[in-house]
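Below is one structure, written out as structure tokens; comments come after it.
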Amino acid sequence: MSTSRVYALIDCNNFFVSCERVFRPDLWEKPVAVLSNNDGCIVARSNEVKALGIPMGAPYFQWKDQLTAANVTLFSGNFPLYGDISQRIVTLIRRAAPTVEVYSVDESFVELSDLRVASYEEWALSLRNQIWQYLGVPVSIGLAPTKTLAKAAAEYAKKHPDNPGVYSILGDDDGRIDLLKWLPIGDVWGFGWRSSAKLRELGVATAYDITTLPDTWVQKHFTIRGLRTKLELQGVPALTVEAEHEPQASIARTRSFAHRVRNYHELEAAIANFAAVAASKLRASGEVAGGVVTFIRTGKHTEQQRSVSAYTPFSEATEQTGEIIEAALRNLQQIYDPDFGYKRAGVVLTGLATTGAWQASLFARQQDNGRNHALMAAVDEINSKYGVRLIKHATEGLGKDWRSKREMRSPNYTGNWHELPKVKA
DNA sequence: TCTGGGGTCCTCGGGCGT
DNA sequence: TCTGACGCCCGAGGACCC
């Protein structure tokens with residue numbers, strides 16, 4: 001096994017729950033769960049809630065009684081707050097190491113190979129203590145020769161509270177094998193529930209079992225991605241730490257509705273709103289879109305299912321709210337069928353390019369563009385200043401009949417002056 | 001009544017040109 | 001002029017991640 005590379009995965013424990021507890025220390029060691037948008041499913045659980053046997057992603061309405069009986073404190077997801085705390089954690093990690101890949105809101109990979117430290121384990125322990133001391137968020141850290149193994153090591157650290165929150169399999173191949181024999185196939189990063197069900201049928205129960213299968217067989221049944229995972233588990237790096245921020249390929253705004261939406265005008269208002277929000281995200285990232293996808297779906301659990309989408313390319317890439325809404329609504333007209341009640345819809349902007357870098361069409365409306373650009377900038381500035389979208393396109397409507405439920409949201413403690421935590425004298 | 005949102009990557013298959 | 005084989009491109013859809 002090559003040990004020339006060293007990767008760390010820093011993984012926040014029960015992240016959304018930990019964020020809520022930062023401002024509610026009374027909930028430490030008490031059962032806490034966080035709900036998705038629309039209060040639909042459970043997306044984060046404290047260890048106490050996990051111990052009750054309530055699974056990740058469980059529909060809230062199915063577990064409501066049990067949660068109440070167990071006196072679980074519930075929060076509607078407060079995603080701006082979690083994003084803010086996440087950024088503060090990343091700042092601390094970047095101070096400790098130069099090559100960081102922010103993988104998700106609660107996980108970062110770090111390349112440590114070129115970092116000159118006496119002990120990687122000491123480095124990890126010190127970072128863990130710092131994040132706990134400054135921000136009050138507990139993390140688990142895995143150290144290994146590949147990213148997939150670092151993920152597994154962090155998982156091991158998290159599941160064994162008797163160790164100090166850091167688990168390393170560096171420089172010891174027996175450690176790697178023991179870890180793989182411990183890791184169930186369903187917990188391997190890269191094999192989802194569908195693939196692991198297929199593997200279990202074939203008698204593959206642990207991560208170790210995968211490493212005994214021939215490369216060609218793994219690639220044939222689980223594509224090139226399955227093969228990469230297998231190599232990584234064997235200690236052969238097949239993935240790198242992507243410290244450079246790759247430009248996004250798409251920007252989406254999608255939501256579930258609080259009730260089934262059948263009425264065209266209600267759907268139209270929702271789509272126009274999604275398109276406007278997506279357009280403003282697009283401008284915030286300094287990009288233009290080459291096309292727009294609109295999709296609408298019935299509930300996944302109703303008898304009559306329908307899931308349809310339509311795509312409209314722009315003759316010239318744009319960041320203009322008006323043009324994006326117009327194209328998104330043209331898509332909607334193509335796919336709308338009044339015989340169905342829709343539960344979810346969305347707008348996805350694709351073919352993104354940096355502003356100014358795209359090929360202007362022969363018929364570019366240069367004068368219009370200058371004026372509209374200034375108008376869009378002014379709208380964005382006003383909406384950002386007030387923290388809500390005060391200025392809207394007429395099609396979006398004033399009310400939001402389709403709006404999601406969020407009945408248990410905590411205050412945005414760090415992102416809104418009016419919601420700062422208060423300290424009693 | 002009530003089952004998330006925002007992404008990436010990969011495969012497949014139809015349309016099209018040669 | 002028609003037809004089949006082949007490769008390329010691109011959109012749709014699935015699997016996966018947190």
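Worth saying up front: this structure is predicted, and the values here are computed from it rather than measured. Numbered from 1 within each chain, the chains take letters A, B, ... in sequence-line order. Scope of the values below: all heavy atoms of this structure, side chains included, with no hydrogens, waters or symmetry mates.
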Over all strands shown, is A:Y103 touching base, sugar-phosphate only, or nothing at heavy-atom distances under 4.0 angstrom? sugar-phosphate
Using the ring of A:Y7 (Phe, Tyr or Trp, six-membered ring only), decide whether A:K147 places NZ or CZ under 6.0 Å from its centre and within 45 degrees of its axis. no
Here the distance between atom P of B:dG5 and atom CG of A:N38, to the nearest Å, is 6 Å
Base, sugar-phosphate alone, or nothing: which one does A:G346 contact when heavy atoms must sit under 4.0 Å apart? nothing
Please find out if less than 6.0 Å separates the ring center of A:W28 from that of A:F23. no
OP1 or OP2 of B:dG6 versus the side-chain N and O atoms of A:R253: is any pair under 4.0 Å? yes
Among B:dT8, C:dC16, B:dG5, which nucleotide sits nearest the side chain of A:S250? B:dT8
Just compare B:dG4, B:dG5, C:dC18 and give me whichever is closest to any side-chain atom of A:R344. B:dG5
Pick the P atom in B:dC2 and in C:dC18, then give their distance to the nearest Å. 29 Å
Could you tell me the separation between the CD1 atom of A:I224 and the P atom of C:dG14, rounded to a whole number of Å? 23 Å
Taking OP1 and OP2 of C:dC16, is either one under 4.0 Å from a side-chain nitrogen or oxygen of A:S195? yes
When the P atoms of B:dG15 and C:dG4 are considered, how many whole Å apart are they? 16 Å
Atom P, compared across B:dT3 and C:dC17: separation rounded to whole Å: 24 Å
Between P of C:dC16 and CD of A:E232, the distance in whole Å: 17 Å
A:T223 side-chain N/O to B:dC9 phosphate OP1/OP2 under 4.0 Å: no
Please tell me if A:R225 has a side-chain N or O lying less than 4.0 Å from either OP1 or OP2 of B:dT8. no
Check this one for me: any side-chain N or O of A:Q62 less than 4.0 Å away from OP1 or OP2 of B:dT3? no
Between A:K343 and B:dT3, is there a side-chain N or O to OP1/OP2 distance below 4.0 Å? yes
Establish, from distance only, whether the side-chain atoms of A:T148 and A:E232 form a donor-acceptor pair under 3.5 Å. yes
For the side chain of A:Y311, counting heavy atoms from C-beta on, which of C:dG11, B:dG4, B:dC2 is nearest? C:dG11
B:dG5, C:dA15, B:dG7: which one has an atom nearest the side-chain heavy atoms of A:R194? C:dA15
Applying the side chain to side chain contact (heavy atoms under 4.5 Å, CB included) test to A:V17, which of A:V49, A:N47, A:V34, A:V43 qualifies? A:V34
Return the value, rounded to whole Å, for the distance between atom CZ of A:F79 and atom P of C:dC18. 16 Å
In whole angstrom, what separates A:M56's CE from B:dG4's P? 12 Å
Taking atom C1' of C:dC18 as reference, at what distance in whole Å does atom NZ of A:K151 sit? 7 Å
Which listed nucleotide (B:dG4, B:dG7, C:dG11) is nearest to the side chain of A:A252? B:dG7
Please state whether the rings of A:Y264 and A:Y336 are parallel, tilted or perpendicular, taking 30° and 60° as the class boundaries. perpendicular
At 4.0 Å (heavy atoms only), tell me whether A:F191 reaches a base, stays on the sugar-phosphate, or touches nothing. sugar-phosphate
B:dC10 OP1/OP2 closer than 4.0 Å to side-chain N/O of A:R228: yes
Atom pair distance, as rounded to whole Å: CZ in A:F257 and P in B:dG5: 10 Å
Reckon A:D39 touches a base, only the sugar-phosphate, or nothing at all at heavy-atom distances under 4.0 Å? nothing
How is A:L35 classified with respect to the nucleic acid when contacts are heavy atoms under 4.0 Å: base, sugar-phosphate, or nothing? nothing
Over 60° means perpendicular and under 30° means parallel, so classify the ring planes of A:H160 and A:Y156, tilted if in between. parallel
Verify the distance criterion only: is there a donor paired with an acceptor across the side chains of A:Q234 and A:T211 at less than 3.5 Å? no
Without decimals, in angstroms, what is the distance between A:F295 CZ and C:dA12 C1'? 13 Å
DNA chain B: A:F61 or A:A249, which has the more 5' nearest nucleotide? A:F61
Closest to side chain of A:W189, choosing from B:dC2, C:dC17, B:dT8: C:dC17
Less than 4.0 angstrom between a side-chain N/O of A:T254 and OP1 or OP2 of B:dG5, yes or no? no
What does A:V308 touch in the nucleic acid at a heavy-atom separation under 4.0 angstrom: a base, only the sugar-phosphate, or nothing? nothing
